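Lettering of chains follows the sequences in order, A, B, ..., and the numbering in each one begins at 1. Values in this document were obtained by computation on a predicted structure and should not be read as measured data.
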2 protein chains.
Amino acid sequence: MKKKRISITDIANELSVTPSTVSRALNGGGKVSEKKRQEILSLAKKLGYRPNPIAKSLLENKTHTIGLIIPEFTHHFYSRMLAGIESVTSKAGYQLLICTSNEKQKQEIKSTQTLLDARVDGILATISKMNDKFQHLQEVMDSGTPLVLVDRFSEEIETPYVISDDFNGAFSAVDYLCQSGCKNILHIKGPANLSTTFNRFMGYKEALRKHEIEVKEELILESSDANLVEKIRFCLKNQQVDGAFAYSDYLAFEIYRAASDLKIPIPGSLSVIGYADEPLATYINPTLSTVNQQPFEMGATGANYLLNKINNPDIGLEIRSLETKLVIRDSCTKRAAKECQFS
Amino acid sequence: MKKKRISITDIANELSVTPSTVSRALNGGGKVSEKKRQEILSLAKKLGYRPNPIAKSLLENKTHTIGLIIPEFTHHFYSRMLAGIESVTSKAGYQLLICTSNEKQKQEIKSTQTLLDARVDGILATISKMNDKFQHLQEVMDSGTPLVLVDRFSEEIETPYVISDDFNGAFSAVDYLCQSGCKNILHIKGPANLSTTFNRFMGYKEALRKHEIEVKEELILESSDANLVEKIRFCLKNQQVDGAFAYSDYLAFEIYRAASDLKIPIPGSLSVIGYADEPLATYINPTLSTVNQQPFEMGATGANYLLNKINNPDIGLEIRSLETKLVIRDSCTKRAAKECQFS
DNA sequence: CTGTTAGCGCCTTCAC
DNA sequence: GTGAAGGCGCTAACAG
């Protein structure tokens, strides 16, 4: 059913020249008499000739396509990251082949295989949460396909990555809480095994240390805890909590709920800061202070880096850590104005 | 830098047979002695042979890739739609090449060209808001590349599409409001020129008609109106509005704001229903009743339909309208329990 | 300047 | 059963 696309040979026949000549005329490479070139060009245009990139790919062993593996589509964070990636790749004339892992290792492995089979020129991946093996990523690297990790990385795989500066992001948030007078700051940790969980926790602790506040076990909760909701409630009730820093905006929202149940006013008696600057942060009441990770920029940086690596295979193992932005909204008591951003 | 992938010829040489034989053994097609077949298969496995789809594409004029054009990544709706599409295509062994139009016609045209150049087997598109020309889509169809439109369509282009049943979605929402006693129902319309805007408006009017309520011009606002916020406020203050149906959840949120400013309690004095069931609907206070369009299913349906059309080019111009689900939350006074879904 | 040849990786006749 | 030949669309090297 597909209409036959016209090929270089078609226009060669029409003009009684060889395909080589047409190719040369079209690519400007070799020498072709000006007259022929014009003839060829105009006929090509008239016929609506479009080169077949498949043939070129076969020849050059390049596809001008980059493969992307993301854990899921639905999080705003990944959508923004995707938008950042797309903005760079489309500008550079690369196509984007998309796969998802659904946060499952098995699907991630399948995706890498798919992308390798498709002969993509490079792969951009956010590894899934549950990863404990990395052989599939090692295979990508062994195949010589440039690989750049975004947002999450692992010590076990030696490839460049672009991440957000979680340590400083968390630090700035907790530092802010301390400066505005909070003494008992609750922290809800993220999923175990994630570097982001670890780094945000470290940032939290470091900020407390700076302000000479003791780190109390009772104030640290795990998001995976089946009784999280009750524990938050218990904590707010019994620990004189006056500040809270959550691994995510969604967890911060759980704190809102508990506080609302307990009639603890935010920000009156409790200042809350979340993480990620998801849209919900501006919709809940009071609007939520949070740490913006600049996912668009993260995606764009990763894509740029990958394209760079595709064209200069020798560039080394580089790591980029993107600055975060502390966004203070209505969920915190304001401290004396400083260099942070209000919104 | 890329390591040479091993080819059918490599393994043929190794075994002193011809590539043809290897090809036959691998594809099971022709007759090959069982012994040779085993040798070939095991060597292929040992060497980690993977067929080159590029070569096959060139031969078969098929890429097993479908192209996708969406207006933007950041809306939850499109993310869900994308997830639905991906779930179908990946299961069917098709790749997904992604482009975005950023709601701009110019970029949409460029995207169709890119996808056509890439020789995708079919295109799934959500046309951009601002489209007034459709020649690029006509070109897609003329090229013989199956095209299916999702979420939005135009009368000007004769191709199958999958949309949400906006008329009934709106009707069910407004009908609900009427049944719970609302007499003066505000409607905020969506962007002009979109079929969704039109159909939701029609659903609104039809529901009023059913309940013999007069349609009042003063109760109908345009989202594009520069003074929208003030007009909502004016309306709530002066028109005894007791119900509101907005084109989107975001517009419903504007109504919340105005109501909050005017100290009009929701749902006490005003019932509000939005549209799309965006995440914010569950985060705002009170939680927002809304119409769920099942974007995941819409994407999946579109993808299935496209794959079907790719394999049966003769199937006709079909149109699917997906049912919506009215989701009643806390922003409405409850009516007597009926068949609608609570959440 | 332009035509011929060869080959990217694979598959499909057509002979033997 | 298996090999040889041709071709998908294109480019590069080598002849003229």
Sequence neighbours excluded, the answer for side chain to side chain contact (heavy atoms under 4.5 Å, CB included) partners of Gln135(A) is Glu139(A)
Of all pairs that satisfy salt bridge (Lys or Arg N to Asp or Glu O under 4.0 Å), the ones with a partner from residues 149-161 of chain A, not counting sequence neighbours:
Glu103(A)-Arg152(A)
Inter-axis angle, terminal five-pair segments of the helix from dC1(C)-dG16(D) to dC16(C)-dG1(D) [nearest 10°]
60°
Excluding sequence neighbours, so at least two apart, what forms side chain to side chain contact (heavy atoms under 4.5 Å, CB included) with Pro146(A)?
Leu306(A), Lys309(A), Ile310(A)
Report yes if at least one side-chain N or O of Ser33(A) is closer than 4.0 Å to OP1 or OP2 of dC1(C); otherwise report no.
no
When rounded to whole Å, the CG to P distance for the pair Asp10(B) and dG9(C) reads 8 Å
How close or far is atom C1' of dT2(D) from atom CG of Leu15(B), stated in whole angstroms?
14 Å
At less than 4.0 Å, is any side-chain N or O atom of Lys36(B) found next to OP1 or OP2 of dG1(D)? Yes or no.
no
What's Thr18(A) touching, base or sugar-phosphate or nothing? Going by heavy atoms closer than 4.0 Å.
base
Sort and list the pairs that fulfil ring-ring contact (aromatic ring centres under 6.0 Å, His included) and have at least one residue in residues 36-61 of chain A, not counting sequence neighbours.
none
For residues 62-73 of chain A, which residue pairs pass the side-chain hydrogen bond (donor to acceptor under 3.5 Å, both in side chains) check, not counting sequence neighbours?
Thr63(A)-Asp121(A), Glu72(A)-His75(A)
Scan for ring-ring contact (aromatic ring centres under 6.0 Å, His included) pairs involving residues 133-164 of chain A, sequence neighbours excluded, and state none if there are none.
Phe153(A)-Tyr161(A)
Rounded to whole Å, how long is the line connecting atom CD1 of Ile40(B) with atom P of dC11(C)?
12 Å
For Pro53(A), is there any backbone N or O sitting under 3.5 Å from a side-chain donor or acceptor partner on Ser57(A)?
yes
Side chain to side chain contact (heavy atoms under 4.5 Å, CB included) filter on Pro19(A), not counting sequence neighbours, yields Ile8(A), Thr9(A), Ala12(A)
How would nucleotides 7-16 of chain D be written as a contact map, 5' to 3', with B for base contact, S for sugar-phosphate-only contact and - for no contact, using protein heavy atoms under 4.0 Å?
BBBBSBB---
Atom CG of Asp117(A) to atom P of dG9(C): distance rounded to whole Å?
15 Å
